[in-house]
Amino acid sequence: MLRKFIFKDTETGEELVLPVTPSSYDVEHGRKANPLTMHEAGDVNLPGSAVLLDVELECLLPAHAYPFNQPGAGTNPFVYLERLEKWSDAGTVLRFIVSDTPVNAAVILDPIRYREQDGTNDIYCTIPLRGYRTLSAETVEQKATGNQARAVETQPEKQTAYTVQAGDTLSGIARRFYGDASLYGKLAAANGICNPNRIYPGQVLKLPDADKLPAARAAEQKPLSQKAAEATAVTFDQTVGQFKFQAGPAVKNLAQEALNRLEG
């Protein structure tokens with residue numbers, strides 16, 4: 001009984017049976033030993049990976065209906081050749097099967113070689129089979145490291161007013177409700193606060209929309225002592241040899257500003 005040499009596309013299920021059974025084939029099976037040199041023990045062999053099929057089939061693709069052809073085999077050798085070349089070009093994974101034997105291996109085809117040699121139009125073909133092994137990624141167990149996940153920054157809260165609590169700062173309140181601590185100066189201006197560093201528990205702050213916050217007051221204010229000095233006229237009376245100080249009307253306003261700062 002003639003054996004059938006079958007190639008089967010693992011994706012489409014398409015099969016190709018060689019029209020003439022090759023005269024021979026050889027298969028290698030098992031694991032190759034890995035040599036290892038150990039200190040004092042010398043050379044040892046350890047079992048390695050299973051070998052992959054590595055075979056070159058020599059076959060005939062006939063142009064005539066010979067009596068040794070497989071039943072139903074075609075006599076156009078290029079039909080067979082074209083199919084083998086397409087599988088080789090695409091790197092298609094095939095099953096190589098020899099009927100009535102345990103041979104059933106996943107292979108891919110190296111470049112096909114063929115020739116005509118006797119004027120019969122028959123094609124003599126060499127089909128290199130290279131074993132195929134599916135690569136699978138190992139699953140690595142994730143161990144706890146003790147590191148906490150990075151906190152996700154929350155969106156600013158939406159309120160129209162806020163009552164100051166102990167420990168609050170204007171920059172912290174600006175960060176909480178506007179998402180930007182640098183707006184503390186504008187928030188102070190919106191609430192008539194002269195000194196952004198002076199807020200107290202129970203104080204109620206208005207929280208306008210960010211685009212409606214007024215410009216912040218000047219970051220630096222002249223000390224009241226300097227303003228008072230600038231508002232006072234100083235003259236030297238040569239007759240008595242003394243300086244005279246004349247307080248201007250602005251000094252009264254400075255006293256009110258001082259009071260406002262204490263209250264703010």
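Model, not experiment: these values are computed from the prediction.
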Heavy-atom distance under 4.5 Å between the side chains of [X] and [Y], does that happen here?
X: Asp54; Y: Arg130; answer: yes
X: Ile127; Y: Trp87; answer: no
X: Asp89; Y: Pro111; answer: no
X: Ile173; Y: Tyr184; answer: no
X: Val98; Y: Phe5; answer: yes
X: Leu57; Y: Tyr25; answer: yes
X: Leu205; Y: Leu170; answer: yes
X: Val20; Y: Cys59; answer: no

Rounded to the nearest 0.5 Å, what separates atom [atom1] in [X] from atom [atom2] in [Y]?
X: Gln159; Y: Lys206; atom1: CD; atom2: NZ; answer: 16.0 Å
X: Leu46; Y: Arg31; atom1: CG; atom2: CZ; answer: 12.0 Å
X: Arg115; Y: Thr126; atom1: CZ; atom2: OG1; answer: 5.5 Å
X: Cys125; Y: Leu18; atom1: SG; atom2: CG; answer: 8.5 Å
X: Leu53; Y: Asp26; atom1: CG; atom2: CG; answer: 8.5 Å
X: Gln203; Y: Asp168; atom1: CD; atom2: CG; answer: 10.5 Å

Write down the atom of [X], the atom of [Y], and the distance for their closest heavy-atom approach.
X: Ala215; Y: Ala189; value: O-CB, 3.4 Å
X: Gly74; Y: Tyr80; value: N-OH, 2.9 Å
X: Ile108; Y: Gly91; value: CG2-O, 4.0 Å
X: Asn121; Y: Ala63; value: O-CB, 3.4 Å
X: Pro77; Y: Leu61; value: CB-O, 3.3 Å

Check: Phe96 ring centre within less than 6.0 Å of Phe7 ring centre: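 Yes, the ring of Phe96 comes within the 6.0 Å limit of the ring of Phe7, centre to centre.
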Would you say [X]'s side chain and [Y]'s backbone share a donor-acceptor pair under 3.5 angstrom?
X: Asn69; Y: His64; answer: yes
X: Ser88; Y: Leu109; answer: yes
X: Ser99; Y: Arg3; answer: no
X: Arg95; Y: Asn104; answer: yes
X: Gln165; Y: Thr163; answer: yes
X: Asp209; Y: Asp211; answer: no

Verify same cluster id: [X], [Y] (apolar side-chain graph, 4.5 Å):
X: Ile97; Y: Leu2; answer: no
X: Val27; Y: Leu94; answer: yes
X: Leu60; Y: Leu129; answer: no

Ion pair Asp180/Arg175, N-O distance below 4.0 Å: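 Result for this pair is no, no salt bridge flagged.
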Test side-chain contact (heavy atoms from CB on, under 4.5 Å) applied to Tyr162 and Leu187, Val204, Leu207, the passing residue: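 The single option meeting the side-chain contact (heavy atoms from CB on, under 4.5 Å) with Tyr162 is Leu207.
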From CA spacing to verdict: side chain to side chain donor-acceptor pair (under 3.5 Å), Ser23, Glu58: CA-CA 8 Å; Ser23 60; Glu58 299 290 342; over 6 Å; no
